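Have a look at the structure below, then the notes.
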Amino acid sequence: MVDTLILGIPSKGRLQEATMTYFERAGLKIAKKGGARDYRGVIKGLDDVEVAFLSASEIAGELAAGTVHLGVTGMDLVHEKIADPDATTVSVAPLNFGFADVVVAVPDSWIDVQTMHDLDDVAAGFRARHGRRMRLATKYVRLTRNFFRAHGVADYRIVESLGATEGAPASGAADLIVDITTTGSTLSANHLRILSDGVILKSEATLVASRQAEWAGNAAGALKAMLSRIAAQDRAASIFEVRTAIGEQTKTFREVSDLFGCTAPFGAVAGQGSLVLHVEKARIWELTDWLRARGATSITIGELTYVLDGSAEAFSPVFDALDIS
Ligand SMILES: Nc1ncnc2c1ncn2[C@@H]1O[C@H](COP(=O)(O)OP(=O)(O)OP(=O)(O)O)[C@@H](O)[C@H]1O
Ligand SMILES: O=P(O)(O)OC[C@H]1O[C@H](OP(=O)(O)OP(=O)(O)O)[C@H](O)[C@@H]1O
Ligand SMILES: [Mg+2]
């Protein structure tokens with residue numbers, strides 16, 4: 001079984017549901033093997049893939065170790081759990097959900113502290129005023145250390161937090177925090193404010209591949225099969241299919257290709273006939289206005305589910321990075 005592709009899928013938390021939906025939309029339906037309590041799963045029709053249900057942070061760790069080949073996790077966790085993410089992982093595709101920022105936040109009452117530079121001033125004087133170093137609560141220890149070092153702030157101590165980090169300043173457990181935020185409501189409910197240059201990382205759920213995993217045998221083929229379905233869905237979601245009957249098909253096609261970036265997936269033949277075009281969604285009304293001005297009376301516009309064309313090549317940098325030919 002060593003050559004099976006192991007796919008890490010969040011088993012709980014915020015990323016779980018959107019991840020399942022994302023794979024299903026790409027024609028990759030994930031099913032639990034035994035029942036709801038089973039932590040292994042399969043993708044119907046892809047025998048060389050085994051699904052491992054793990055927490056988002058475990059997925060980051062297992063990608064670095066090479067014990068999962070491919071997985072969905074947050075970029076915050078990739079950068080927190082992995083010392084040199086570029087060396088051990090490859091980001092395959094951002095998934096457009098799970099958006100959150102890792103930020104430095106201070107109590108609202110610290111009116112003199114708006115920037116990391118201000119924070120450095122406070123940190124330097126903190127011991128003299130309070131008899132101890134400034135304390136920062138976070139579970140993002142690596143991200144915090146790197147960011148503070150880059151800003152030349154050294155006079156502080158990290159208090160590792162395992163939850164409810166935003167409560168630490170009010171409870172007296174720490175003076176400031178580094179945590180993740182999406183809407184900002186937890187920060188404001190706790191009277192905390194993000195420093196103006198205090199965004200450490202903008203995170204999003206991401207499909208990530210491991211450079212450490214064994215890609216020989218069937219794993220590489222399974223990856224290609226999965227990514228070609230994902231590419232087919234991505235491409236379909238970005239375009240409309242336009243059908244119309246118009247004279248001078250080849251000339252019309254040449255013009256709409258220049259003007260609106262259209263493609264003709266099934267070609268354009270000389271003379272009159274029905275023409276099938278693909279166009280980026282944002283350009284649809286420009287294109288149809290243009291066609292109508294040139295005599296096209298009947299035009300249909302359709303959404304597509306999958307488009308199998310050359311767009312899978314978008315992933316060739318990933319295959320190169322993984323040494324998959
Ligand atoms: N508002 C948010 N707060 C926290 N995480 C978010 C938010 N929005 C998106 N995320 C993403 O979801 C990831 C997982 O968070 P979540 O708390 O759901 O995981 P979890 O299952 O509790 O993981 P663990 O048990 O390992 O902490 C975060 O690391 C981040 O990438
Ligand atoms: O900016 P907001 O939209 O308010 O979201 C941010 C909050 O959400 C997360 O907590 P979560 O609900 O995942 O609980 P947890 O701390 O137990 O993981 C995160 O740790 C913040 O506390
Ligand atoms: Mg959480």
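Since the structure is predicted, the reported quantities are computational estimates derived from the model, not experimental observations. Throughout, residue positions are numbered sequentially from 1 according to the sequence presented. Order of listing sets the numbers, starting from 1, for every ligand and every atom in it.
- An N or O contact shorter than 3.5 Å links Asp76 to ligand 1 by distance.
- Classification of the Phe148-Tyr156 ring pair by plane angle, with boundaries at 30° and 60°, yields tilted.
- Within the 4.5 Å cutoff, the side chain of His69 has no heavy atoms near those of the Ser210 side chain.
- Judged by the shortest distance from any of its heavy atoms, Gly163 lies outside the 4.0 Å radius around the atoms of ligand 2.
- For ligand 1, the atoms sitting less than 4.0 Å from at least one non-hydrogen atom of Ser55 are 26 (O), numbered in the order shown with element in parentheses.
- For the pair Arg243 and Glu241, the salt-bridge criterion is met [side-chain N within less than 4.0 Å of a carboxylate O].
- Residues Lys202 and Asp101 are paired through a salt bridge, judged by an N-O separation under 4.0 Å between the basic side chain and the carboxylate.
- Of all the atoms in ligand 1, the ones that sit under 4.0 Å from a non-hydrogen atom of Gly74 are 31 (O).
- Ligand 1 places these atoms under 4.0 Å from at least one heavy atom of Thr182: 1 (N), 2 (C), 7 (C), 8 (N).
- For the pair Val178/Leu136, a side-chain contact is recorded, criterion being any heavy-atom separation below 4.5 Å from C-beta on.
- Residue Ser185 approaches ligand 2 through these ligand atoms, each under 4.0 Å from one of its heavy atoms: 1 (O), 4 (O).
- Against a heavy-atom cut-off of under 4.0 Å, Ile180 is close to the following atoms of ligand 1: 3 (N), 4 (C), 5 (N), 30 (C).
- For Lys281, the NZ atom is densely surrounded, since the number of other residues' heavy atoms within 6.0 Å is greater than 12.
- Close approach to Ile180 involves these atoms of ligand 2, each under 4.0 Å from a residue heavy atom: 6 (C), 19 (C), 20 (O), 21 (C).
- Atoms of ligand 1 found under 4.0 Å from any heavy atom of Leu77 (numbered from 1 in listed order, with element): 29 (O).
- Atom CD of Glu204 has more than 12 heavy atoms from other residues, nucleotides or ligands within 6.0 Å.
- Taking any N or O of Thr181, backbone or side chain, at least one lies under 3.5 Å from an N or O belonging to ligand 2.
- Of all the atoms in ligand 1, the ones that sit under 4.0 Å from a non-hydrogen atom of Gly98 are 9 (C).
- Side chains of Asp76 and Tyr140: a donor-acceptor N/O pair is present below 3.5 angstrom, by distance only.
- Checking only distances, Lys139 never comes within under 3.5 Å of ligand 1, N or O to N or O.
- Near Arg14, meaning under 4.0 Å from one of its heavy atoms, ligand 2 places the atoms 8 (O), 9 (C), 10 (O), 11 (P), 12 (O), 13 (O).
- Using a 4.5 Å cut-off on side-chain heavy atoms (C-beta onward), His278 and Val307 make contact.
- Of the heavy atoms in Leu187, none comes closer than 4.0 Å to ligand 2.
- When side chains are defined from C-beta on, Glu80 counts as touching Val141, because their heavy atoms get closer than 4.5 Å.
- If you number the atoms of ligand 2 from 1 as listed, the ones under 4.0 Å from a heavy atom of Glu166 come out as 21 (C), 22 (O).
- The Ala100 neighbourhood of ligand 1 comprises atoms 7 (C), 8 (N), 9 (C), with distances under 4.0 Å to a heavy atom of that residue.
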